[in-house]
Every structure is written in structure tokens, then in C-alpha cells.
A.B. asks: 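To start, I am sharing the structure in question, which I have written as C-alpha cells.
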Amino acid sequence: MRLGLCCLFVEENISFRTTTAKALLNLTVKPRLEKISGICLHNSKSLLESVKTVHRLGIGAFRISSQFFPRMTHPVTGYRLEDLPDCEQINDLLASTKNFSKNNGIRLSFHPDQFILLSSPRAEVTENSIRELSCQADWAEAVGADLINIHAGGVYGDKAQALERLSGAFKDLPEKVSTRLTLENDDVSYTVRDLLPVCHALSIPLVYDVHHHRCNPDGLTELEATDLAAGTWATVKREQYCHVSSPKNGWGQGNPKPHADFLDPKDFPVCWLGREMTVDVEAKAKELAVARLMAELGQQGVR
DNA sequence: GCATGTCAAGTTGTG
DNA sequence: CACAACTTGACATGC
């Protein structure tokens with residue numbers, strides 16, 4: 001069992017910078033690339049610090065922000081790493097991150113944001129998504145990340161048709177993307193039961209988010225969902241990946257979807273204990289929440 | 001300095 | 001129909 005941290009730290013002095021297209025568009029090309037280069041260099045240093053820090057904290061996985069190299073695929077402000085003045089140093093830092101993670105067993109993942117969809121009926125949405133996925137696959141290759149995790153997206157009135165479009169788009173993905181792509185059950189539309197057929201048909205591992213499952217049930221128990229999802233990882237001989245979180249406002253009162261600062265240990269599935277798997281802890285208190293959960297699970301006798 | 005509005009992009013459900 | 005929610009607030013602007 002390895003626990004993972006998502007994107008950020010609250011107490012450790014590690015930050016990631018970003019920028020907006022609007023700000024970049026106010027600049028001419030050279031100062032724009034200089035600004036971007038400064039941000040990418042900062043984020044590359046922060047990523048190396050991140051993997052060293054999670055290792056020191058006993059955390060076994062780190063999710064890298066989807067804004068790691070911001071606005072890289074924007075139609076106007078888009079750029080290549082080779083265009084940046086700090087390119088050489090950035091590449092060195094990415095290689096160091098890859099080495100450190102490999103040598104210390106830190107698992108790295110990406111989770112592109114909600115605009116990245118392979119199921120949309122709009123060709124433009126799919127094309128933009130594939131560009132972004134290709135870009136994140138390059139980052140993943142550079143730092144040794146084995147996962148690019150997305151949701152199945154919208155239903156558009158017909159789930160089966162939407163999944164058909166997703167399957168079609170998947171088959172055309174560059175290999176650097178398709179070998180890393182995973183599908184996660186979400187809290188409004190696609191359940192584990194919905195995703196299993198397409199995951200099996202295309203050998204796509206299924207990231208099981210137990211909080212989403214609780215928000216959007218499908219008749220499967222947590223044990224059944226865990227085992228069925230495990231099958232999709234066994235097919236490709238990779239370690240299973242799951243997500244867990246607690247509702248900010250508790251269960252039974254108000255919207256359960258927003259995430260709490262810490263995980264309530266009662267929300268951690270008992271059937272996960274002792275399994276070989278990676279579990280991202282989605283909690284606002286970040287590394288503090290992962291550390292607290294580790295201590296609490298340890299006291300319950302995790303082996 | 002500090003408060004506040006803004007930021008590329010999609011889709012769904014709620015009030 | 002506006003807004004929140006989603007993996008995550010940081011940045012730009014104006015006082």
C-alpha cells in the first residue's frame with residue numbers, strides 16, 4: 001500500500017507557479033518566452049523538491065499539476081520547451097526527478113483537467129484534448145510518470161454512443177499517450193460498471209475513486225468495484241491505482257462532493273488494507289492529511 | 001501591501 | 001439561468 005499526495009503542499013515550502021493566456025498576450029514574443037521560461041524553471045525545481053520531500057515524508061506517489069508547464073498548448077501562447085531560454089536546465093531537472101523517483105520508488109501521475117475529453121461529439125474538443133494529452137505525455141516521459149488519468153466526460157444524452165466515441169478516439173492516440181491513459185469513475189455520470197467494458201475491450205486500467213462511487217453508486221459493493229478494477233490493472237501487469245477522499249460537510253447533510261481538509265479514517269475502505277496498490281489522498285490539507293492518515297492506518301495495524 | 005476580480009478550454013446538477 | 005463542482009488557487013489589477 002502506498003499513499004499519494006495530489007499536486008500541492010500546505011506546510012512544506014514548495015510552490016508551483018502559473019500564468020494566464022491574457023497576461024501572456026500582453027507581451028511580445030521574447031519577454032513572453034522569458035516569463036514562461038521562468039515559470040517552467042521554477043516548477044521544474046519545485047517538482048524535484050516535491051519528489052524528495054514526499055520520499056522524506058514516507059509518501060509513495062505524487063500527482064503532478066496539470067498546469068505544470070502552463071498554457072503550452074494554447075493556440076496563441078503555445079510553445080515548445082526548446083523555445084525557452086532555460087530549456088537545458090529544465091531538462092536536467094526533469095531527468096533528475098525521473099532518476100530520483102525511479103531510485104526511490106516514487107510513483108508519478110498526471111490528471112489533466114475537466115476540458116480534456118475523448119467522448120465529445122465536437123471534433124474540436126477532441127482535437128484539443130489530444131494535443132493536450134500528447135503534451136502531458138511528453139512531460140510524463142521526461143519525468144517517468146506512468147499514468148495520465150482522465151474521466152470519460154459527458155453523456156450527451158447517450159452513454160453508449162459517448163463511450164463509442166471515446167473508444168474511437170483512443171485507438172488513434174499516439175502510443176506515448178495510450179500506454180499511460182487510465183479512466184476514472186466520476187461522481188455524476190460514469191460508474192465503474194459503465195467503464196469496465198471499455199476498459200477491458202481496450203486494455204485501459206480503471207482508476208477506482210471510492211468517493212465518487214459513494215456519490216454515484218452503481219450497485220457494486222466497494223469490494224466488488226475494487227476487485228473488478230484490480231482486474232484491469234492485472235491485465236497490463238501494473239500496480240492498481242485508487243483515489244479516496246472525505247466529504248467536506250460530512251455524509252447526509254448537504255453536497256458530499258467537495259473534499260474535506262483531512263480524510264476521516266472511517267472513509268478509507270477496509271478492504272483496501274494490506275493490498276498492493278497506490279491510493280491518492282484527495283484532501284485539502286495535502287501532505288498533512290496524508291501523514292495523518294498514514295499514522296491512523298498504521299495504528300489500525302496496516303501490514 | 002492588501003483586497004478583489006479574473007483566468008482557454010466542458011459538462012452536469014442544483015438552487 | 002447563474003453558479004458550483006471537478007485534481008489544484010495564483011495572478012493581475014486597483015486602491
Side-chain angles (χ1 to χ4, degrees), chain A residues 4-10 14-27 35-36 38-39 42-43 46-47 50 61-79 108-133 135-136 145 147-159 162 165-166 169 182-191 207 209 211-212 215-216 241-245 247-249 254-261 263 278-287 289-290:
Chain A
L5 171 68
C6 301
C7 306
L8 301 171
F9 296 82
V10 291
I14 297 174
S15 68
F16 290 91
R17 293 180 57 201
T18 185
T19 186
T20 60
K22 188 173 181 179
L24 294 175
L25 289 170
N26 285 331
L27 303 172
K35 179 187 172 82
I36 292 168
I39 292 172
H42 173 92
N43 289 354
S46 291
L47 181 60
S50 296
F62 185 68
R63 182 187 301 176
I64 302 168
S65 165
S66 52
Q67 310 281 336
F68 184 53
F69 291 150
R71 299 303 172 269
M72 198 173 212
T73 60
H74 185 278
V76 180
T77 71
Y79 55 94
L108 298 176
S109 68
F110 286 92
H111 197 344
D113 45 20
Q114 59 268 36
F115 315 107
I116 307 309
L117 299 166
L118 296 179
S119 59
S120 175
R122 295 170 50 198
E124 185 192 335
V125 171
T126 308
E127 285 161 20
N128 291 341
S129 296
I130 292 171
R131 280 176 51 229
E132 182 69 26
L133 287 170
C135 187
Q136 297 209 14
L147 246 84
I148 301 176
N149 179 45
I150 63 170
H151 293 288
V155 174
Y156 315 94
D158 188 329
K159 217 176 251 191
R165 285 192 298 269
L166 185 153
T182 61
L183 287 175
E184 178 187 346
N185 62 301
D186 65 74
D187 52 7
V188 286
S189 304
Y190 291 92
T191 63
V207 172
D209 186 316
H211 183 67
H212 290 163
C215 294
N216 185 21
Y241 214 113
C242 292
H243 294 172
V244 70
S245 49
K248 183 185 176 75
N249 306 307
N255 184 358
K257 289 169 187 169
H259 294 161
D261 290 346
L263 199 84
T278 304
V279 180
D280 274 354
V281 179
E282 299 178 336
K284 302 279 187 191
K286 297 298 166 189
E287 82 274 19
V290 184

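All values derive from a computational prediction rather than experimental measurement. We name chains A, B, ... by the order of the sequence lines, and we start the count at 1 in each one.
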A.B. asks: Say we look at B:dT12 and C:dG9: how far apart would their C1' atoms be, to the nearest angstrom?
C.D. replies: 23 Å
A.B. asks: Within the pair A:S120 and B:dT11, is there a side-chain N or O less than 4.0 Å away from OP1 or OP2?
C.D. replies: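 Yes, A:S120 has a side-chain N/O under 4.0 Å of OP1/OP2 on B:dT11.
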A.B. asks: Give none if B:dC7 has no partner; otherwise give the nucleotide forming a Watson-Crick or G-U wobble pair with it, both distances under 3.5 Å.
C.D. replies: C:dG9
A.B. asks: Using a heavy-atom cut-off of under 4.0 Å over every strand shown, decide if A:R71 touches base, sugar-phosphate, or nothing.
C.D. replies: base
A.B. asks: Over all strands shown, is A:Q114 touching base, sugar-phosphate only, or nothing at heavy-atom distances under 4.0 angstrom?
C.D. replies: base
A.B. asks: Calculate the interatomic distance between A:L24 atom CG and B:dT6 atom P; express it in whole Å.
C.D. replies: 19 Å
A.B. asks: Please figure out whether A:H151 or A:R17 has its closest DNA chain C nucleotide nearer the 5' end.
C.D. replies: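 Nearer the 5' end of the strand: A:H151.
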A.B. asks: Should A:T19 be listed as having a side-chain N or O under 4.0 Å from OP1 or OP2 of C:dA12?
C.D. replies: yes
A.B. asks: Any side-chain N or O of A:K35 less than 4.0 Å from the OP1 or OP2 oxygen of C:dA12?
C.D. replies: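 The answer is yes; a side-chain N or O of A:K35 sits under 4.0 Å from OP1 or OP2.
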A.B. asks: I want to check one thing: is the phosphate of C:dC6, taken as OP1 and OP2, less than 4.0 Å away from some side-chain N or O of A:H111?
C.D. replies: no
A.B. asks: Can you check the A:L117 CG to C:dC6 C1' distance for me, whole Å?
C.D. replies: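 Going from A:L117 (CG) to C:dC6 (C1'), I get 12 Å.
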A.B. asks: Would you mind telling me which of B:dA9, C:dC11, C:dT8 lies closest to the side-chain atoms of A:T18?
C.D. replies: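 Looking only at side-chain atoms, A:T18 lies closest to C:dC11.
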A.B. asks: What interatomic distance, in whole Å, is found between P of B:dC2 and the corresponding atom of C:dC6?
C.D. replies: 30 Å
A.B. asks: Will you find, in the side chains of A:H111 and A:E184, an N or O donor that is under 3.5 Å from an N or O acceptor?
C.D. replies: yes
A.B. asks: Rounding to an integer number of angstrom, what distance separates C:dC1 and B:dC7 when you compare their C1' atoms?
C.D. replies: 22 Å
A.B. asks: Side chains of A:H151 and A:S189: donor-acceptor distance under 3.5 Å anywhere?
C.D. replies: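 A:S189 and A:H151 do not have a side-chain donor-acceptor pair below 3.5 Å.
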A.B. asks: Given atom NZ of A:K286 and atom P of C:dA10, what is their separation to the nearest angstrom?
C.D. replies: 11 Å
A.B. asks: Go through the N and O atoms of the side chain of A:T73 and the base of B:dA8, and report whether any donor-acceptor pair is under 3.5 Å.
C.D. replies: yes
A.B. asks: A:F115 stacking on B:dA9: centroids under 5.5 Å, ring planes under 30°?
C.D. replies: yes
A.B. asks: Can you figure out which of C:dG9, B:dG13, B:dT11 approaches the side chain of A:Y156 most closely?
C.D. replies: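 Ranking C:dG9, B:dG13, B:dT11 by closest atom to the A:Y156 side chain puts B:dT11 first.
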A.B. asks: With no hydrogens and no angle check, do the side chains of A:Y241 and A:N149 hold a donor and an acceptor under 3.5 Å apart?
C.D. replies: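 No pair is found: no donor N or O on one side chain lies under 3.5 Å from an acceptor on the other.
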A.B. asks: Just the rounded figure in Å: distance from P of B:dG13 to OH of A:Y190.
C.D. replies: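 Rounding to the nearest Å, OH of A:Y190 and P of B:dG13 are 11 Å apart.
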A.B. asks: Closer than 4.0 angstrom, basic N to acidic O: yes or no for A:K284 and A:D261?
C.D. replies: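 So A:K284 does not pair with A:D261 through a salt bridge.
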A.B. asks: Rounded to whole Å, how long is the line connecting atom CG of A:N26 with atom P of B:dT6?
C.D. replies: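 After rounding, the reported distance stands at 16 Å.
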A.B. asks: Quickly work out the A:F110 CZ to C:dC6 P distance and round it to whole Å.
C.D. replies: 22 Å
A.B. asks: Could you measure between the two P atoms, the one in C:dC11 and the one in B:dG10, and give it in whole Å?
C.D. replies: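 Their P atoms lie roughly 24 Å apart.
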A.B. asks: Would you please classify the geometry between the A:F9 ring and the A:F62 ring as parallel, tilted or perpendicular, with 30° and 60° separating the classes?
C.D. replies: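 Aromatic pair A:F62/A:F9 classed parallel.
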A.B. asks: What's the gap between C:dA12 and C:dT8 when it is taken at their P atoms, as a whole Å value?
C.D. replies: 23 Å
A.B. asks: May I have the step-by-step check of side-chain contact (heavy atoms from CB on, under 4.5 Å) for A:F115 and A:S129, ending in yes or no?
C.D. replies: CA-CA 7 Å; A:F115 315 107; A:S129 296; over 6 Å; no
A.B. asks: If I take atom CG in residue A:D187 and atom C1' in nucleotide C:dT7, what distance separates them, rounded to the nearest angstrom?
C.D. replies: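 Between C1' of C:dT7 and CG of A:D187: 12 Å.
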A.B. asks: Can you check the distance between C:dT7 and C:dC3, where both ends of the measurement are the P atom (answer in whole Å)?
C.D. replies: 22 Å
A.B. asks: Does C:dG9 have its OP1 or OP2 closer than 4.0 Å to a side-chain nitrogen or oxygen of A:K284?
C.D. replies: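 Yes, within the criterion.
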A.B. asks: Taking any heavy-atom pair under 4.0 Å as a contact, classify A:P75: base, sugar-phosphate, or nothing.
C.D. replies: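 A:P75: base contact, heavy atoms under 4.0 Å.
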A.B. asks: Are any of the side-chain nitrogens in A:E127 or A:R122 under 4.0 Å away from the carboxylate oxygens of its partner?
C.D. replies: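 No.
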A.B. asks: Select base, sugar-phosphate, or nothing to describe what A:V155 touches, counting heavy atoms under 4.0 Å on all strands.
C.D. replies: sugar-phosphate
A.B. asks: Using atom CG of A:D113 as one end and atom P of B:dC7 as the other, report the distance to the nearest whole Å.
C.D. replies: 17 Å
A.B. asks: Give a yes/no answer on whether the side chain of A:H212 brings an N or O atom under 4.0 Å of OP1 or OP2 in C:dT7.
C.D. replies: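 A:H212 to C:dT7 OP1/OP2: side-chain N or O found under 4.0 Å.
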A.B. asks: Between C:dT8 and A:R63, is there an OP1 or OP2 to side-chain N/O distance shorter than 4.0 Å?
C.D. replies: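 So the side-chain polar atoms of A:R63 never come under 4.0 Å of the phosphate oxygens OP1 or OP2 of C:dT8.
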